[in-house]
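Proteins come first, then strands; the chains are lettered A, B, ... in the order of their sequence lines, and each starts at number 1.
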Number of protein chains: 2
Amino acid sequence: MSAVPRALAGPCARWPEDSDFVREVLERAGDKWSTLVVATLEDGPLRYTDIHHSIPGISQRMLTLTLRHLRRDGLITRTSYPEVPPRVEYALTPLGSSLLATVLALAAWAVDHHVEIRRNRARFDAAGE
Amino acid sequence: MSAVPRALAGPCARWPEDSDFVREVLERAGDKWSTLVVATLEDGPLRYTDIHHSIPGISQRMLTLTLRHLRRDGLITRTSYPEVPPRVEYALTPLGSSLLATVLALAAWAVDHHVEIRRNRARFDAAGE
DNA sequence: CAGGATCCATATCGATACTG
DNA sequence: CAGTATCGATATGGATCCTG
């Protein structure tokens, strides 16, 4: 937010000038709940409660907030059916699907390397501390 | 952390049983500073101060913490040369490089779609609120 | 059923000052 | 130069209660 010395303009420009926005997107992609919600919707539309039950540990508050953020970004849609009791379904948009594909690549990386990382952490903790 | 009802075991298992760990890795990958540091090291080893100057906005504290975390995971190495004044270089490990490739794919997604997302957000804010 | 509103604990982060 | 230590602001997240 604060003014960045122009002298730094060069070395900083590893990413396009929109780097702030890229960060924003990365933060959303890296957000614990956002990715889980997107992944949960992979197979088709789901209701609020279904999502809630599919993601252990998420609170109502966080689910609601996450859904709103994803909706705001256009990654999911919300459709409410005027019935009693109310029924609301959330579904991935094409944009959301494309993000999912990318995030799954990252998840695959995590699956491929988590054993190695876990070993690294154990070694580091044993040595350093 | 709390015990999850076994009844949820089915619907939850979208990712392998290590889903907690996958989340951990995703959080690190999605972390604002971690990805920037890894990206900064793409072209070769750098000293602490160089990294600091390459990433506008990062505090000493956050840089130090981020470097330690990345080192703990085995994504970067730290080499200190016994000179005066001290010289310390950080470099990507092969593991770090492989993560970078994946993260860059995500960054590319962000670059490709940020205009669309920005539009979505503007529309959402104009309508909803 | 699908949330909104509120309260509170903790985690995160930045600024600052100090050190080998 | 390359950090560590401390403090305070703010963000984040969970629990709980309430409503159309």
Side-chain angles (χ1 to χ4, degrees), chain A residues 1-5 8 20 23-24 26-37 40-41 45-72 76-91 124 128-129, chain B residues 1-5 11 20 23-24 26-37 40-41 45-72 76-91 124 128-129:
Chain A
M1 292 307 178
S2 60
V4 173
L8 294 178
D20 278 357
R23 282 189 221 180
E24 264 186 66
L26 282 184
E27 277 168 48
R28 185 145 327 252
D31 175 49
K32 184 178 175 180
W33 303 124
S34 292
T35 53
L36 286 174
V37 168
T40 300
L41 291 176
L46 284 179
R47 305 175 63 165
Y48 181 91
T49 307
D50 292 333
I51 302 176
H52 198 185
H53 286 161
S54 292
I55 304 179
I58 193 171
S59 63
Q60 276 191 345
R61 175 186 149 83
M62 280 304 104
L63 178 54
T64 300
L65 284 178
T66 302
L67 288 172
R68 201 207 322 276
H69 289 149
L70 293 174
R71 211 148 65 84
R72 185 168 108 101
I76 66 174
T77 59
R78 190 194 108 117
T79 312
S80 79
Y81 301 89
E83 305 172 355
V84 179
R87 183 164 62 101
V88 177
E89 285 191 344
Y90 292 91
F124 185 90
E129 193 182 16
Chain B
M1 294 306 176
S2 60
V4 174
D20 279 357
R23 283 190 222 179
E24 264 186 67
L26 283 184
E27 278 167 47
R28 184 146 329 256
D31 175 50
K32 182 180 177 180
W33 302 124
S34 292
T35 54
L36 287 175
V37 168
T40 300
L41 291 176
L46 284 179
R47 305 174 64 163
Y48 181 91
T49 307
D50 293 334
I51 302 175
H52 197 186
H53 286 160
S54 292
I55 303 179
I58 193 170
S59 63
Q60 277 192 341
R61 176 186 150 83
M62 281 303 106
L63 178 54
T64 300
L65 283 178
T66 302
L67 288 172
R68 200 202 330 269
H69 289 148
L70 293 174
R71 211 147 65 85
R72 186 168 107 103
I76 66 175
T77 58
R78 190 194 108 117
T79 312
S80 80
Y81 300 89
E83 305 171 358
V84 180
R87 182 164 64 100
V88 177
E89 283 191 345
Y90 292 91
F124 185 90
E129 191 185 17

**Q** Check each residue of residues 81-89 of chain A for a non-hydrogen atom within less than 4.0 Å of any atom in DNA chain D, then write out the ones that pass by number, or none.
**A**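 Contacts with DNA chain D under 4.0 Å: A/Pro86.
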**Q** What I want to check is whether an N or O donor and acceptor connect the side chain of B/Gln60 with the base of C/dA17 at under 3.5 Å.
**A**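 By the distance-only test, yes, there is a pair.
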**Q** Compute both the distance and the angle, then confirm whether B/Arg87 meets the cation-pi test with B/Tyr81: under 6.0 Å from the six-membered ring centre, within 45 degrees of the axis.
**A** yes
**Q** Rounded to whole angstrom units, what separation is found between the CZ atom of A/Arg47 and the C1' atom of C/dG3?
**A**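 One finds 13 Å between C1' of C/dG3 and CZ of A/Arg47, rounded.
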**Q** Between atom CD1 in A/Ile58 and atom C1' in C/dA2, what is the gap in whole Å?
**A**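 After rounding, the reported distance stands at 14 Å.
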**Q** If you pin A/Tyr48 and B/Ser59 to their nearest nucleotides in DNA chain C, which one's is more 5'?
**A** A/Tyr48
**Q** How many Å lie between CG on B/Leu46 and P on D/dG3, as a whole number?
**A**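 In whole Å, D/dG3 P and B/Leu46 CG are 13 Å from each other.
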**Q** Specify the closest pair of heavy atoms between B/Thr66 and B/Met62, including all atoms of both residues, with the distance to one decimal.
**A**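 Smallest heavy-atom distance, with atoms named: OG1-O, 2.6 Å.
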**Q** Identify, between A/Trp33 and B/Arg61, the residue whose nearest nucleotide on DNA chain D lies closer to the 5' end.
**A** B/Arg61
**Q** Using the rule given for side chain to side chain contact (heavy atoms under 4.5 Å, CB included), can you reason through A/Asp50 versus A/Arg47, listing the C-alpha separation, both sets of side-chain angles and the distance that settles it, and then say yes or no?
**A** CA-CA 5 Å; A/Asp50 292 333; A/Arg47 305 175 63 165; 3.6 Å; yes
**Q** Does some side-chain heavy atom of B/Trp33 sit less than 4.5 Å from a side-chain heavy atom of B/Leu63?
**A** no
**Q** I want to check something: taking the side chain as every heavy atom from C-beta on, are A/His52 and A/Ile58 in contact at a cut-off of under 4.5 Å?
**A** yes
**Q** Grab the CG-P distance between A/Leu63 and D/dT16 for me, whole Å please.
**A** 18 Å
**Q** Answer with base, sugar-phosphate or nothing: what part of the nucleic acid does B/Thr64 contact at a heavy-atom distance below 4.0 Å?
**A** base
**Q** Starting at atom CG of B/Leu65, determine the distance to atom P of D/dA2, rounded to an integer number of angstrom.
**A** 17 Å
**Q** So which heavy atom on B/Val88 is nearest to which on B/Ser80, and how close?
**A** CG2-CB, 3.8 Å
**Q** Would you name the heavy atoms of A/Arg71 and A/Tyr90 that are closest together and state the gap between them?
**A**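 What the structure gives for the nearest pair is CD-CE2, 4.4 Å.
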**Q** What is the distance, rounded to the nearest whole Å, between atom NE2 of A/His52 and atom C1' of C/dC1?
**A** 13 Å
**Q** Starting from P on C/dT6, measure out to CE on A/Met62 and report it in whole angstrom.
**A** 16 Å
**Q** Specify the separation, in whole Å, of atom CZ of B/Arg71 and atom C1' of D/dG3.
**A** 12 Å
